[in-house]
Protein chains: 2
Amino acid sequence: MIKINENYLKLQASYLFSTVAKKISAFSEKNPGREIIRLGIGDATRALPPACIAAFHRAVDEMADDATFRGYGPEQGYLFLREKIAENDFAARGAEVNADEIFISDGAKCDTGNFQEILSTDISIAIPDPVYPVYVDTNVMAGRTGAAVNGRFENLIYMECTDQNDYIPKIPEEPVDLVYLCFPNNPTGATITKEALGQWVDWATKNKALILYDAAYEAFIRDDAMVKSIYEIPGARKVAVEFRSFSKTAGFTGTRCAFTVVPKECMAYDAAGTAHSLHSLWNRRHSTKFNGVSYPVQRAAEAVYTPQGKKEAAQIIAGYMTNADRIRREMDDLGYAYVGGQHSPYVWIDAKTDSWNLFDRLLNEAGVVCTPGAGFGTCGTRHIRLSAFNSHQNVETAMNRIREAMKGS
Amino acid sequence: MIKINENYLKLQASYLFSTVAKKISAFSEKNPGREIIRLGIGDATRALPPACIAAFHRAVDEMADDATFRGYGPEQGYLFLREKIAENDFAARGAEVNADEIFISDGAKCDTGNFQEILSTDISIAIPDPVYPVYVDTNVMAGRTGAAVNGRFENLIYMECTDQNDYIPKIPEEPVDLVYLCFPNNPTGATITKEALGQWVDWATKNKALILYDAAYEAFIRDDAMVKSIYEIPGARKVAVEFRSFSKTAGFTGTRCAFTVVPKECMAYDAAGTAHSLHSLWNRRHSTKFNGVSYPVQRAAEAVYTPQGKKEAAQIIAGYMTNADRIRREMDDLGYAYVGGQHSPYVWIDAKTDSWNLFDRLLNEAGVVCTPGAGFGTCGTRHIRLSAFNSHQNVETAMNRIREAMKGS
C-alpha cells in the first residue's frame, strides 16, 4: 500500500489568501465599479528594465538558430552570470564570494524551501515570528516539528519580533542548530545593524550553528553604509548561507531567477562530529533535483549588471521607495506606529486592533487591500503589512482614501 | 551543532561524466584537430520551433510595459498552457486529464526527483535497471535505502531489463508500494505495449500501489496506435502519476518547461489506512517549494500546440528519428544487437564487451562519444547508449567512422 508523508497532515491549511479573496469578492459585489487598490501581496508591478528586455530578446534569438542554440546548461548556472554576481554584489562591497560558490536558481522561495533537505531532521531550529511561512512549512514537511498547537508548531523555537526589541530577534538562550534570518525583513521591513548581525555570526561560530540568511530585499537598502550581505561580517563564510533574488531587485517575480551562496568553508557535521562541506552537499542536491535556469532568463538577469541595467533597476527600486515614503508619511499623520518602509518595500503597521479588523476597515471604507499580519504568525495578529509595490498614482489614491476613512477614528 | 542529512553520504559519486570528460580531453590532446562527434548526452541540438520563438518574443515584450507586465503567476502554471495540454496531449487521445490536474514545472528531472517527498519514507520501491539515476538518488537522499553494495542500494528492488525480457521490467513478485516506469525508456529506448502497461495498472490497483510514469519521450513514438499516456489505460487515473516535458518534444532542454499530471482520484494512504488525495498533497508541495515557471517560457511552450508549432515540432522530432534510423541501420550492418531507436532517440546497444571497452574504442578509433551503459546500473555494464540528438551530417559522419573502425572486428 502506497503511504503518504504524514508530516503534511500537520500543516495547517492557510486560509489567509482565500479569506482575503472572498472578502474582496464580497466587497466588489456590494460596490460595483469601485476600484480596489491592492497593497497586499509583495509582487513587482513595473516592467523589466529595458536592458534586461534587450538581453532577453537577444538570447531568444540565439535559441532560434542551430548554430547558437543552447541545450542543457550547467545546473549551477552559467559562469557569465555567476561571475557578474560575485563581482558586483560581493567583491564590490568587500565581501569574499567566489563565482563557484553561487548557485543560480529559479527562486529564493525554492532555495529557502529546499535547503533544509541537506540537513539532518534531528536539529533544533529557531525562526522569527512574524515569519515568511516557507521557512516553517518546509521544515514541517520534512518532519522536524511536532503538531501545531495554537498556531505554533511544537519543537520549533519562535523568536518574537515586536516593538519591544525593534523587531530584531534576540539570540536564543536554548541550544539552536539552525536559524533563519531575513533582512530587510519580510514581512516587517525591519533592518539589522552590522553590529547586531555580527553578534549572530559570533553566536553561530561559537555554537557550530548555521545561519540561513535571506537577503532577497537587500536592493531596497538606501544607506550604503548598512550591511547588505552577511559576508560583509568577518567569519560569516564559515557559518552562513545567503539567499538572493532578482524578483524584487529587478522585477523578476514572473521571470524567475535567484541565487544562493554557499561558501566552501561553510561546514556541517555528521553524528561522529566529522565536518562536511555544505557546498558539496548542496551541489549534489542542486544537480540531482534541478536542471538549471532558462538560458534567456539568465541572460536577462546578467543585464542587471550592465551600467544601463544598474541604472534602470535602481530607478525602479527608487520608484517603489517613493511609494514606501508616501505610506510612512500617511501613517505618521494618522498616528499609526510602524516599522519598515525606510530600506524595504514593506511597512509593518501596529493595527491597534485585531489585524482582520483593520483589514476589513481598509477594504470596506477605503477600497484598499493590505495583508493581515496574522498570516505571518502569532506576533502578527495585531499588525497589517502594506506593500509599496504599485504605481505612484495608486499609492497616492490609496493613501488619500485611507486618510478620508480614518478621519476622526 | 548543525548536522547533515547523512543519507547523502550513501550516494556514490558518479564518476561517469567526469571520466568521459577526462577521456575526451586525453583524446583531443593526442589527436589535435580531430573533430569529436558527441552522441552521448541526450540533449537537443536543434533550434526551438519558430512558432515558439515568436511567442517567446511577444511575451518578453509584454514584460517591457507596466500595462502588460506579469509578476507572480500561479505556482501550478497558467491556465492557457494547462488547457492546451489537457486538450492536445490527453483529450485528443481519449485520455481523461483535466487542466487543473496538470502542474507546470521547470523540468521532468525536478518533478521525478521531488515527487517522492510527499510519500512516506517507509515504502518499498521498485526501479528498473538500467535506470535514469534521478529516481534512485532522490530516494537515497530521502533515506529510503540502505547502503550501496556492489553498485546497488539495499532496500531497493531492481527490475532487470535485458534482452531476455525485451527490456520490459517484469511485475515484481514481492510486495512493492511504488514503481518507477519510463516509456519510451531512457536509456534503452524500449517501448511498452498497451496490454503490458495495462497489466501494470491492474497490478497497482490490486496492490494499492503507485506508478510514477515518466513519459518524457512520448513524442518520439511514431505509431499512433501505441500508448503514449498511461491514462489511455482504464483505471490508471487512480494509481498513476505521469511526467512529461517539452525538453525533447520541442527542444526545451535549455529553455526549461515540463509538467506533471496528478489525477484527483489518485490516492495514497496514511498509517490508519485513510485515503488522501495525492493531488492535494502535491499541490501543497508545489506551491510551498516552487513559484511557477517563467511567464515567457510558458508562452513559448503554449505555441507548441498551435498548428504551426505542432508541424515544426514534428519536423524536429522527425529529423532526430532519421538519425536514429541511420544509427540502427549501421548497427544492423555491423551485427550489433540493440533495442530502441524506433520510437525513441536512444539506441541501446549490446557492446559484446564491457561498456567502457566499446566506449574507448569508439572514441579512440572513430572519434565518437557514446554513453557507457555502466552509468545506468548493473544491467548496463555491457551496453552503450547512442543518442540521435545531433545534426544529420554529424550522425552520418559518425556512422561512417564507426563502420571504418569496426571493419573486420
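Residue numbers start from 1 in every chain, and the chains themselves are labelled A, B, ... in the order their sequence lines are given, proteins ahead of strands. What you are looking at is a predicted structure, and each value in this text was computed from that prediction instead of being measured.
- In the displayed structure, A:Glu174 atom CD is contacted under 6.0 Å by more than 12 heavy atoms of other residues, nucleotides or ligands.
- Contact of B:Asp270 with chain A is made through backbone and side chain together, with heavy-atom distances under 4.5 Å.
- When heavy atoms are compared at a cutoff of 4.5 Å, B:Thr255 approaches chain A by way of both its backbone and its side chain.
- With a 6.0 Å cutoff to the six-membered ring centre and a 45° limit on the axis angle, B:Arg46 counts as a cation-pi contact of B:Tyr320.
- For chain A, the option among B:Ser124, B:Gly71, B:Ala64, B:Ala108 with the highest count of heavy-atom pairs below 4.5 Å is B:Gly71.
- Here A:Ile4 is the residue among A:Leu119, A:Ile4, A:Val293, A:Val60 with the most heavy-atom pairs under 4.5 Å with chain B.
- Across every non-hydrogen atom of A:Asp177 and B:Ile2, the tightest pair is O-CD1, 3.5 Å.
- With a 4.5 Å cut-off on non-hydrogen atoms, B:Ala271 touches chain A through its backbone and its side chain both.
- Of the listed residues (A:Val134, A:Val297, A:Asn114), the greatest number of heavy-atom pairs within a distance under 4.5 Å of chain B belongs to A:Asn114.
- A donor-acceptor contact closer than 3.5 angstrom is absent between the side chains of A:Asp137 and B:Thr288.
- A:Phe290 is linked by a ring pair (Phe, Tyr, Trp, His ring centres under 6.0 Å) to A:His286, counting only residues two or more places apart in sequence or in another chain.
- Of all the listed residues (A:Glu117, A:Gln116, A:Gln298), the one sharing the greatest number of non-hydrogen pairs under 4.5 Å with chain B is A:Glu117.
- With a threshold of 4.5 angstrom between heavy atoms, B:Asn7 does not approach chain A through any atom at all.
- Looking at B:Glu62, there are no atoms closer than 4.5 Å to chain A (heavy atoms on both sides), in backbone or side chain.
- For the salt bridge (Lys or Arg N to Asp or Glu O under 4.0 Å) test, no residue two or more places apart in sequence or in another chain qualifies with A:Arg38.
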